[in-house]
Participant: 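Here it is, the structure, as structure tokens.
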Protein chains: 2
Amino acid sequence: MCIAGGRIHDLQGAGSKTFGATAPTLSAQHVSTHDHLFFEGDARDRIYIVESGWVKLYRTLIDGQRQIVGFANSGSILGIESDGHYSNSCEAITDVIIRPIPAIRINGICKNDPALADQILRQIARQLGAAQSQLATIGAQSAEQKLATFLLSIADLCEVNHDREFDLPMRRGDMAEFLGLRLETVSRKMTEFQRRGWIKLTSLYHCRFLQRHVLEQLAQGGEADTGVALRAC
Amino acid sequence: MCIAGGRIHDLQGAGSKTFGATAPTLSAQHVSTHDHLFFEGDARDRIYIVESGWVKLYRTLIDGQRQIVGFANSGSILGIESDGHYSNSCEAITDVIIRPIPAIRINGICKNDPALADQILRQIARQLGAAQSQLATIGAQSAEQKLATFLLSIADLCEVNHDREFDLPMRRGDMAEFLGLRLETVSRKMTEFQRRGWIKLTSLYHCRFLQRHVLEQLAQGGEADTGVALRAC
DNA sequence: CGCGCGGTTGATCAACCTCAACCCGCGTGG
DNA sequence: CCACGCGGGTTGAGGTTGATCAACCGCGCG
């Protein structure tokens, strides 16, 4: 899937230097949960690199429908997909530390700061791949499959994976808007997964896999035998 | 929306030079309609820049469901979203000319060929934006809205826009797989649009807008008054 | 205590899918 | 020449999935 996570290690070093006549990388900033980094349509004067925490990127249609186009965490680049104006809104869903980069530095960045540019290129390629995966998920899968895919990728990202347990850092409504579903549907499917013994919700925002392979099968597009008769292959 | 079109002007010049010890850009290749440039899972030994024509990028799920994640034309970069193996299949939907770039050149490309790298960066950012727009379309819109959005963006791309008339270079099934619908649904909605006097299909692959503003309203998420002129069928 | 927020659950409904028939233009072969 | 099949598209009937609307729960908080 789907979620534009990924880590960049030496950005701090690379990004903190100043090159030529271009504006320097600004110092890191702190953003609190539920604060916005920027809104769709704002003038895009800078891009950001996430250093820690989670943000969601979303668009709002005129009729009020919203679509989350990605969650991003450490290493992700924000705001580079547009030009002139941000094409997404960006809201912190946890406390977040970000490093702003003046937009003016992006022109010719490959010449002026090849190390940073290489990182950005790699990262944005990853985000494109993630967006495409998400397209496949949203466009071609059922509600059940979407949720399975989502849980698996969230778990992979929250690598603090002691004993198949992981955080769901977002609300039901966020999941729904990410997956192109209604929050009621997400809720229903979650409890259904639990009822079938595939997962255990230790709290609203904390989950454990009991039958990871069933979810994997679902996510791959296979039929998940609801029953006990799971042919193990 | 949605479709990763976009033009790069001086790539030919930038790409045809050889830099340092890295492999040179290979010469342009011709690909015929319906041929594949590569398949999902193939070893990714090179990326491509489209010089002319149209390709579709798609993924196939185990259950046979397919999702077209993008159409690409002149200027688009293909294959950069993955690493090691292609994550999409790529098929020419018209005759196509492409310029391959050895994958090995991508590492450190910013240092070795900053001009090309800058172009790639800009282009890939555009593709990311397009993918995100498509996410919003697929995830948050109804079949009717999806189709309206799609027609408008296709028309914009086929700039040969004399008198609101344009080509639909792909089959109904391709549209469906792009929009996350069934081809029957696409077909039905197309004829419905026609019946309502919004468009006129001069042939299966050629379309004219009669009431562009209605489609625009639909695509923006507004309710399309079925209008006064809905009579007699 | 009352309220609001986030989540769950239930009943109902419609959008879209599924399956099937059918149309049409075209190329092929008898 | 016609019969035939095939690919792509359209149309129809009926079924499912997921949306909609509404009630309700649990909790934190002023």
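Throughout, a chain's letter reflects where its sequence line sits, starting with A, and its residues are numbered from 1. Worth knowing before you read on, the calculation uses all heavy atoms, side chains too, and leaves out hydrogens, waters and symmetry mates.
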Participant: Just how far, in rounded Å, is C1' of D:dT10 from CD of B:Gln194?
Facilitator: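 From B:Gln194 CD to D:dT10 C1': 12 Å.
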Participant: Give a yes or no on whether a salt bridge exists between B:Arg212 and B:Asp156, defined as a side-chain N under 4.0 angstrom from a carboxylate O.
Facilitator: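 Yes.
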Participant: Quick one: does A:Ser76's side chain get under 4.5 Å of A:Gln127's, heavy atoms only?
Facilitator: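 With C-beta onward as the side chain, the pair touches.
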Participant: Does any non-hydrogen side-chain atom of A:Asn88 lie less than 4.5 Å from one of A:Phe39?
Facilitator: no
Participant: May I ask you to verify if any side-chain N or O of B:Thr191 is less than 4.0 angstrom from the OP1 or OP2 atom of D:dT11?
Facilitator: yes
Participant: Give the B/S/- string for nucleotides 16-27 of chain D, one per nucleotide from 5' to 3', where a protein heavy atom under 4.0 Å of the base yields B, of only the sugar-phosphate yields S, and otherwise -.
Facilitator: --SSBB------
Participant: Rounded to the nearest 0.5 Å, what separation is found between the CZ atom of A:Phe166 and the CZ atom of A:Phe209?
Facilitator: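 A:Phe166 atom CZ to A:Phe209 atom CZ measures 3.5 Å (nearest 0.5 Å).
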Participant: Output all residues satisfying salt bridge (Lys or Arg N to Asp or Glu O under 4.0 Å) with B:Arg171, sequence neighbours left out; order by chain, then residue number.
Facilitator: none
Participant: Without decimals, in angstroms, what is the distance between B:Leu179 CG and C:dA15 C1'?
Facilitator: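 Distance, rounded to whole Å: 16 Å.
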Participant: Measuring only between side-chain heavy atoms, which start at C-beta, is B:Leu37 closer than 4.5 Å to B:Arg46?
Facilitator: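 No, side chains not in contact.
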Participant: Sort me out a list of protein N/O and nucleotides 24-26 of chain C N/O pairs below 3.5 Å, or just none if empty.
Facilitator:
none

Participant: First locate atom CD of A:Gln134, then atom CD1 of B:Ile138, and finally report the distance between them rounded to the nearest 0.5 Å.
Facilitator: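 A:Gln134 atom CD to B:Ile138 atom CD1 measures 10.0 Å (nearest 0.5 Å).
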Participant: With heavy-atom distances below 4.5 Å as the criterion, would you say the side chains of A:Glu91 and A:Asp35 are in contact?
Facilitator: no
Participant: Report the distance from atom CE of A:Met170 to atom P of C:dG7, rounded to the nearest whole Å.
Facilitator: 11 Å
Participant: Between C1' on C:dG7 and CG on A:Asp174, what's the gap in Å once rounded to a whole number?
Facilitator: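 My rounded result for the distance is 13 Å.
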Participant: At a cut-off of 3.5 Å, list every protein nitrogen or oxygen paired with a nitrogen or oxygen from nucleotides 6-8 of chain D, distance to 0.1 Å.
Facilitator:
residue: D:dG8; atom: O3'; partner: B:Tyr205; partner atom: OH; Å: 3.2

Participant: What is the separation between atom CZ on A:Phe193 and atom C1' on C:dT8, rounded to the nearest whole Å?
Facilitator: 16 Å
Participant: Listing request: all salt bridge (Lys or Arg N to Asp or Glu O under 4.0 Å) pairs with a residue in residues 69-85 of chain B, at least two apart in sequence or in separate chains.
Facilitator: B:Arg44-B:Asp83
Participant: Going by the rule salt bridge (Lys or Arg N to Asp or Glu O under 4.0 Å), which residues pair with A:Arg66 if we only count those two or more places apart in sequence or in a different chain?
Facilitator: A:Glu177
Participant: Just say parallel, tilted or perpendicular for the rings of A:Phe193 and A:Trp198, cut-offs at 30° and 60°.
Facilitator: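 It falls in the tilted class, 30° to 60°.
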